[in-house]
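Computed from a predicted structure; not experimentally measured. We use all heavy atoms of the structure for the numbers below, so side chains are in, but hydrogens, waters and symmetry mates are not.
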Amino acid sequence: MAKLSVVNREAKRRKLIVKYAARRRTLKDTICNPETTYEEREDAQRKLNALPRNSCPVRIRNRCRLTGRPHAYYRKFGLGRNKLREAAMSGDVPGLVKASW
């Protein structure tokens with residue numbers, strides 16, 4: 001089980017990303033627009049750098065919903081490999097069966 005503080009930190013990051021998504025998008029559009037002047041682009045870049053670091057979507061780490069484990073995460077199920085195996089063996093994941101050939 002991951003430390004609760006680490007799991008809470010990730011949850012806080014997700015909230016910040018939602019909060020600043022629109023502002024970040026408009027600033028990036030201004031920066032990428034070829035018709036903006038150099039001063040406008042520089043001002044938008046300065047404002048983008050002033051936003052909190054944790055509001056950047058790149059900083060999110062996918063974690064198991066049950067344990068908070070960061071590695072061996074299956075996106076399709078939202079679980080780590082250990083909990084996915086337990087859920088599959090108990091029949092909680094429909095359509096997922098053990099391989100046999």
Side-chain angles (χ1 to χ4, degrees):
M1 181 87 184
K3 288 173 64 174
L4 190 60
S5 61
V6 176
V7 174
N8 289 339
R9 186 185 317 148
E10 289 294 325
K12 182 180 174 186
R13 281 183 181 151
R14 289 186 189 277
K15 287 179 186 175
L16 278 174
I17 288 169
V18 171
K19 181 179 178 181
Y20 288 100
R23 193 176 314 172
R24 185 173 283 277
R25 181 78 256 150
T26 57
L27 289 172
K28 283 194 168 199
D29 287 342
T30 305
I31 292 168
C32 293
N33 187 0
E35 297 189 10
T36 57
T37 64
Y38 178 76
E39 290 79 18
E40 290 172 343
R41 188 172 289 128
E42 195 174 58
D43 184 48
Q45 185 67 46
R46 209 173 290 116
K47 287 179 182 176
L48 186 66
N49 288 340
L51 293 179
R53 277 189 175 183
N54 284 334
S55 69
C56 183
V58 173
R59 293 176 68 96
I60 285 186
R61 177 72 184 183
N62 289 330
R63 292 182 172 273
C64 175
R65 290 186 190 143
L66 301 177
T67 61
R69 178 181 164 84
H71 298 288
Y73 173 83
Y74 287 85
R75 265 186 207 173
K76 187 173 183 178
F77 306 104
L79 299 172
R81 67 175 171 83
N82 304 335
K83 292 300 174 181
L84 179 61
R85 183 173 187 274
E86 287 177 14
M89 293 300 171
S90 64
D92 294 338
V93 184
L96 187 67
V97 291
K98 226 177 134 179
S100 61
W101 59 91

Scan the side chains in residues 88-101 for donor-acceptor partners under 3.5 Å anywhere in the protein, sequence neighbours excluded, and list what turns up.
| unit_1 | atom_1 | unit_2 | atom_2 | d |
| --- | --- | --- | --- | --- |
| S90 | OG | E86 | O | 3.2 |
| S90 | OG | A87 | O | 3.1 |
| S90 | OG | D92 | OD2 | 3.0 |

Considering only distance and modelled atom types, tabulate donor-acceptor pairs under 3.5 Å from the side chains of residues 70-79, sequence neighbours left out.
| unit_1 | atom_1 | unit_2 | atom_2 | d |
| --- | --- | --- | --- | --- |
| H71 | ND1 | R61 | NH2 | 3.2 |

Enumerate donor-acceptor pairs with a distance under 3.5 Å from any side-chain N or O in residues 48-57 to protein atoms, sequence neighbours excluded.
| unit_1 | atom_1 | unit_2 | atom_2 | d |
| --- | --- | --- | --- | --- |
| N49 | OD1 | Q45 | NE2 | 3.4 |
| N49 | ND2 | Q45 | O | 3.4 |
| N54 | OD1 | R13 | NE | 3.0 |
| N54 | OD1 | R59 | NE | 2.9 |
| N54 | OD1 | R59 | NH2 | 3.4 |
| S55 | OG | R24 | NH2 | 2.8 |
| S55 | OG | P52 | O | 2.6 |

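Cluster membership for Y20 and I31, using ILVMFWY side-chain heavy atoms within less than 4.5 angstrom, is shared.
A heavy-atom distance below 4.5 Å is not found between the side chains of T67 and N82. Considering only heavy atoms from C-beta on, R69 comes within 4.5 Å of R81 through its side chain.
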- prompt: Passes side-chain contact (heavy atoms from CB on, under 4.5 Å), R63 versus V6? Steps please.
  reply: CA-CA 10 Å; R63 292 182 172 273; V6 176; 3.0 Å; yes

Candidate pair R14 and E10, rule salt bridge (charged side-chain N to carboxylate O under 4.0 Å, His left out), full reasoning: CA-CA 6 Å; R14 289 186 189 277; E10 289 294 325; 5.2 Å; no

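Separating the CZ atom in R25 from the OG1 atom in T30 is a distance of 10.0 Å, to the nearest 0.5 Å. A distance of 13.0 Å separates CD1 of I17 from NZ of K19, quoted to the nearest 0.5 Å.
Counting only distance, with no hydrogens or angles, the side chain of T36 and the backbone of R41 share no donor-acceptor pair below 3.5 Å.
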